[in-house]
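Structure record follows, encoded as structure tokens.
The figures that follow rest on heavy atoms only: side chains count, while hydrogens, waters and symmetry mates do not. Every value quoted in this text rests on a predicted model; they were computed, and no experiment measured them. In what follows, chains are A, B, ... by sequence order, proteins preceding strands, each numbered from 1.
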Amino acid sequence: MRTSQLHLSTTKESPADAEVISHQLMLRSGMIRRLAAGLYTWMPLGLRVLRKIERIVREEMDAAGASELIMPAVQPAELWQESGRWGQFGPELLRLKDRHQRDYCVGPTHEEVITDIARRDLRSYKQLPVNYYQIQTKFRDEVRPRFGVMRSREFIMKDAYSFHASPQSLQQTFDDMYQAYSNIFSRMELEFRAVEADSGAIGGSGSMEFHVLADSGEDAIAYSTGSDYAANLEKAESICPDTLAAPTQEMTLVDTPNTKTIQALVDNFKMPVEKTIKTLICHASEECETELVALLVRGDHQLNETKANNHPLVASPLCFATEEEIRAAVGAGPGSLGPVKLPMPVIADHTVAVMSDFGAGANVEDKHYFGINWGRDADTPIVADLRNIEAGDPSPDGKGELQILRGIEVGHIFQLGDKYSQAMNATVLDENGKDVVMSMGCYGIGVTRVAAAAIEQNNDDKGIIWPRPIAPFEVVLVPINMRRSDTLKQTVEKLYDELKSAGVDVLLDDRDSRAGVMFADMELIGIPMRVVLSEKGLAKGIVEFKGRRDDAATEIAADAIVDFLKTKLA
RNA sequence: CGGGGCAUAGCGCAGCCUGGUAGCGCAUCUGCUUUGGGAGCAGAGGGUCGCAGGUUCGAAUCCUGCUGCCCCGACCA
């Protein structure tokens, strides 16, 4: 490809509304153009990256025994009503009517369609397991699309769905997909981690997310320094090595005016923060006898909302009580709350459950109790894991301690079990001739998001630094003042042809631009390798090679450059 | 959905407070010079100032409504 054919259009300044670096660089390099909120055109340069990502995904999925198909983007409402998700999905599902006023949606995911395929096509356990995948456009009407293609409304996803006659078979395919995903992101030369994820309301026995590591990532992930344990912060289990100590203090009621926060309690009363408790009131689930329920975490800890949400006594989705609701139930407002004589169930983080001689609100305005002890002063609480882990906490597997990294979720593999196959009656005959509901797994990769994540992880002040396997081009030829030298022009054209026939993905910058312009553009769009040719250099029999991350160029004999590049690219 | 902000040339911005010829930089086009890190000079094209009302002799500017977009939060198989 030549730059003259590519319609390269780069800018020095980035649009004001681009916040994150990948979004800025994709716009500046002309990879994408915005059409409306969360809707982007992939320009020729950007599309080349997508195609390379898709190719790697395809090769590894095929190698793992999955087979490709493609399903409609628009789906009939009936299937979603059958699975129950037409009612559940909410405004994120883009719904539309056809000319006959029949309901449809634009697919945000394809469990319903694939389950329909499976129940029609699969008859016998002998046909299982089977794993279908597609690489296709999805639409989710996000509340707040942002960060360019990192979180757009329309995006390209590789989604795979497997069907099984037994849990063992599902586990096997799940493990195969884990390996395939590891291969995919390794081949893309991305620094990534597979982490345990919250499986949420769907249940299921396994859920792993694949994160590309980047400081700008939206997710926090915890990993152990002493083992291969890694989990999304939402899921990462905190353990409590301490045991409950005997009381040493009497409980006293203390006047605490203007002390509504943990920080004020620490500052005004010299109370160690480890002896304080945060009392959070939220709505209770139907299982609970009261309307509200209290969640307790230590003063210096953060409530983990996913863990709280998953607790059986807590309403899902998690909803904090308003100040009015709290005053009506307790008689005091936030800032004066505590577990002593609290008229609702108390769920304490296990760190809280082993605290002694601690301070908390007295459920009376402007008063706290100091020296509280469980059992004696307050009812022994329900104990649960409620808090976010912190760097330095022990790993839940007992090996090493936890550290926290930021990540961008680019893949998710999931054991669905029979949620959809049950609802949609997708069965096969087993070896006894009886109908059995198939088990399902699903496996997604955000193809467009991978491109953005790769940039978040690999960039510098000059622009993008593509990992070679997903770069729009592997090598760029930059001839300097080609118009002024026929020798140079002939040499460059010959080299360009040779590289093309050697299978090198090469770009020839044939614009009649100044050297600085070409250098700056090629660095911005992130081509991993650059070969500069000049009349002066050719007179000495050399060309210059520079890797995108190299500080300086190296001189290479002109007649050796093809072999040199072939070795580099091998 | 709650809070905040923005909307002027393809991009980045000024002008608005205090109403009176719509401007700057980048990009684009032409010519000359230049030519190894985003060239210089000279010239040119490009705008219903987001939309709709209102006030006024006169509105980019003041007022009202709408729309779009961005940020923070909530939300996110």
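- Counting non-hydrogen atoms under 4.0 angstrom, A/M522 reaches nothing in the nucleic acid.
- Of the candidate nucleotides B/rC71, B/rC69, B/rC76, B/rC71 has the atom nearest to the side chain of A/R146.
- Between A/D460 and A/R548 there is a salt bridge, since at least one side-chain N of the basic residue sits less than 4.0 Å from a carboxylate O of the acidic one.
- Comment: A/K307 does not engage A/D349 in a salt bridge, judged by the lack of any side-chain N to carboxylate O separation of less than 4.0 angstrom.
- For the pair A/L8 CG and B/rC11 P, the interatomic distance rounds to 18 Å; values are reported in whole Å.
- Atom name P, nucleotides B/rC49 and B/rC62: the rounded distance is 15 Å, in whole Å.
- Spacing of P atoms, B/rC29 relative to B/rG19, comes out at 42 Å, to the nearest Å.
- Taking a pair to require two hydrogen-bonding distances under 3.5 Å in either a Watson-Crick or a G-U wobble arrangement, B/rU61 remains unpaired.
- In this entry the distance linking CD of A/Q88 with P of B/rA77 reads 12 Å, nearest Å.
- Taking atom NZ of A/K235 as the reference point, atom C1' of B/rC76 lies 18 Å away to the nearest angstrom.
- Separation of the P atoms belonging to B/rU56 and B/rG45 is 38 Å when rounded to the nearest angstrom.
- Note on ring orientation: taking the six-membered ring where Trp is involved, the planes of A/H23 and A/Y40 are perpendicular (angle over 60°, cut-offs 30° and 60°).
- For the pair A/R140 and A/F155, the cation-pi test (distance below 6.0 Å, angle within 45°) is failed.
- Looking at A/E535 and A/K489, no side-chain N of the basic residue comes within less than 4.0 Å of a carboxylate O on the acidic one, giving no salt bridge.
- Ring geometry for A/F210 versus A/Y178: interplanar angle of 30 to 60°, hence tilted.
- The distance from atom CZ of A/R33 to atom P of B/rG10 is 14 Å, rounded to the nearest whole Å.
- Between A/R146 and A/E19 no salt bridge is recorded (no basic side-chain N to carboxylate O distance below 4.0 Å).
- B/rA14: no Watson-Crick or G-U partner with both key distances under 3.5 Å is found in any strand.
- Across all strands shown, the partner of B/rU28 is B/rA44, judged by Watson-Crick or G-U wobble contacts whose two distances both fall under 3.5 Å.
- Taking the C1' atom of each, B/rU8 and B/rU61 are spaced 11 Å apart, rounded to whole Å.
- Atom name P, nucleotides B/rG2 and B/rA74: the rounded distance is 16 Å, in whole Å.
- Remark: the separation of the P atoms in B/rG47 and B/rC11 is 14 Å, to the nearest Å.
- In this structure, the CG atom of A/L39 is 13 Å from the P atom of B/rG68, given to the nearest Å.
- Taking atom CE on A/M150 and atom P on B/rC71, their separation rounds to 12 Å, with Å as the unit.
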Letter by letter from the 5' end, nucleotides 29-39 of chain B scores (B base, S sugar-phosphate only, - none; protein heavy atoms under 4.0 Å) -----BBBBBB

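- Using N1 to N3 plus N6-O4 or O6-N4 for Watson-Crick, or N1-O2 and O6-N3 for G-U wobble, each under 3.5 Å, B/rG2 pairs with B/rC72.
- Residue A/F414 contributes atom CZ, which lies 7 Å from atom C1' of B/rA77 at whole-angstrom precision.
- Across the C1' atoms, B/rG4 and B/rG12 are found 23 Å apart, a figure rounded to whole Å.
- A/R151 places its CZ atom 10 Å from the P atom of B/rC76, with the value rounded to the nearest Å.
- With RNA chain B read from its 5' end, the first of the two nearest nucleotides for A/A16 and A/H412 is the one closest to A/A16.
- Of all nucleotides present, none satisfies the Watson-Crick or G-U wobble test against B/rG38 with each distance under 3.5 Å.
- For the C1' atoms, the distance linking B/rG20 with B/rU64 amounts to 24 Å, nearest Å.
- A salt bridge links A/R151 with A/E218: the closest approach of a Lys/Arg side-chain nitrogen to an acidic carboxylate oxygen falls below 4.0 angstrom.
- Checked by distance alone, A/R140 brings a side-chain donor or acceptor within 3.5 Å of a matching partner on the base of B/rA77.
- If you check B/rC76, B/rG12, B/rC69 against the side chain of A/A36, the one that comes closest is B/rC69.
- Between A/R406 and A/D215, none of the side-chain N atoms (NZ, or NE/NH1/NH2) sits under 4.0 Å from a carboxylate O, so this pair counts as no salt bridge.
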